[in-house]
Amino acid sequence: MIHATPVISTLRERYLAAQLAGNRQEALKLLVDEGLLCGVPLQDVHLEIIQAAQYEIGRLWQENRISVAQEHMATAISQYVLAHLYRHLPRDPSNGKVVMMACVEGELHEVGARMASDFLEMAGFDVRFIGANVPADHLARLVRESPPDLLALSVTMPFHLPQLRDAVSKVRQVAPNLSIAVGGLAFDWGPVLHEELDVSFFGKSARELVSSACRTLGV
């Protein structure tokens, strides 16, 4: 839920303008100097500015008002900004639980997964962020060799739901009792297949993922 305070609304508009202009230094300067250093909580910077701007970028692309190249440029700026904001994360003490975060095979949109990883880390989880486009076989092998307490899988585009099914199936073969969370925009557009996927929970937002992970893992 976006809280349209005047400060956040203005920052979001200016951040979006910087993205569309390809000005990554201006985008970062805005969120640090006029956001964090002026008292805007990092969680609000993530969700109400960066995430909201990304949603708007996606809408503009869907309506053919910006090109694929512009969408890629804007998204690359958000990745750059998130990487620089990482050192500012306020972290709770470690809870001793490991979460592995990955985007399914073919899924190149990793901003949401990166943001969710940051929220988990702020809550005290040890996060292994694998990133975009992780083949199911390789994911299963990593889970087998270095088992996490929770595997979180991200899907943005609905046409990657078959790859999600494959990833869950392959992981279940090597770790039948592992807690698995899935989330992403694909579940706003496509079916929610709780029973078929055999997962512990669906995370509709970064905050919901954190609270569900805490409940599931008992922290």
Run the salt bridge (Lys or Arg N to Asp or Glu O under 4.0 Å) test against E110 and tell me which residues pass, sequence neighbours left out.
R114

Min side-chain heavy-atom separation Q51-M115 under 4.5 Å:
yes

Check residues 140-154 and write down every donor-acceptor pair under 3.5 Å in which the side-chain atom is one partner and the other belongs to a residue at least two apart or another chain.
residue	atom	partner	partner atom	Å
S146	OG	R128	NH1	2.7
D149	OD2	V98	N	2.7

Any side-chain heavy atom of L139 sitting closer than 4.5 Å to one from M100?
yes

Is V134 reachable from L108 through a run of hydrophobic residues whose side-chain heavy atoms are each under 4.5 Å from the next?
no

Please answer whether the main-chain N or O of G106 pairs with a side-chain N or O of H160 as donor and acceptor at a distance below 3.5 Å.
yes

Just verifying a value: how many Å separate Q70 CD and M73 CE, rounded to the nearest 0.5 Å?
5.5 Å

How far does CG of L30 sit from CD of Q25, to the nearest 0.5 angstrom?
11.5 Å

Residue set satisfying salt bridge (Lys or Arg N to Asp or Glu O under 4.0 Å) with E105, at least two apart, ordered chain then number -> none

Sequence neighbours excluded, the answer for salt bridge (Lys or Arg N to Asp or Glu O under 4.0 Å) partners of D166 is K170

Minimum heavy-atom separation for A74 and Q54, please, with both atom names.
O-OE1, 3.7 Å

Side-chain heavy atoms of L37 within contact of V32, under 4.5 Å
yes

Salt bridge (charged side-chain N to carboxylate O under 4.0 Å, His left out) partners of residues 54-70, not counting sequence neighbours, each pair once
E56-R59, R59-E63, E63-R65

Using distance only, find each side-chain donor-acceptor pair of residues 119-126 under 3.5 Å and give its atom names and separation, not counting sequence neighbours.
residue	atom	partner	partner atom	Å
E121	OE1	Y86	OH	3.3
E121	OE2	Y86	OH	2.4
E121	OE2	R91	NE	3.2
E121	OE2	R91	NH2	2.9

Could you tell me which residues satisfy salt bridge (Lys or Arg N to Asp or Glu O under 4.0 Å) with R87, sequence neighbours excluded, listed by chain and number?
none

Just grab all the side chain to side chain donor-acceptor pair (under 3.5 Å) pairs involving residues 29-39, residues at least two apart or on different chains.
R14-E34

Show every donor-acceptor pair shorter than 3.5 Å between a side-chain atom in residues 210-219 and any protein atom, with sequence neighbours excluded, or say none if there are none.
residue	atom	partner	partner atom	Å
S211	OG	R207	O	3.4
S211	OG	E208	O	3.0
S212	OG	E208	O	3.0
S212	OG	R215	NH2	3.2
T216	OG1	S212	O	2.9

Would a distance-only check, ignoring hydrogens and angles, find a side-chain to backbone donor-acceptor pair under 3.5 Å from R12 to E48?
yes

Partners of H72 by ring pair (Phe, Tyr, Trp, His ring centres under 6.0 Å), sequence neighbours excluded?
none

Would you give the length of the straight line joining atom CG of N23 to atom OH of Y15, rounded to the nearest 0.5 angstrom?
11.5 Å

Listing request: all side chain to side chain donor-acceptor pair (under 3.5 Å) pairs with a residue in residues 172-183, at least two apart in sequence or in separate chains.
R172-D198

What distance do Q19 atom CD and Y80 atom OH have between them, rounded to the nearest 0.5 Å?
13.5 Å

Looking at L47 and A206, what are the two nearest heavy atoms and their distance?
CD2-CB, 4.3 Å

Here the pair of heavy atoms bringing F129 nearest to A113 is CE1-C, 3.7 Å

If you link I, L, V, M, F, W and Y whenever their side-chain heavy atoms are under 4.5 Å apart, who else ends up in the same group as I57?
L16, L20, L60, W61, I66, V68

Within-4.5 Å side-chain heavy-atom neighbours: L36 and L85:
yes

Co-membership, hydrophobic cluster, residues V40 and L89, 4.5 Å side-chain
yes

Hey, does I50 have a side-chain heavy atom less than 4.5 Å from the side chain of L31?
yes

Answer whether the closest heavy-atom distance between the side chains of V81 and R24 falls below 4.5 Å.
no

Between S9 and E13, do the side chains contain a donor N or O and an acceptor N or O under 3.5 Å apart?
no

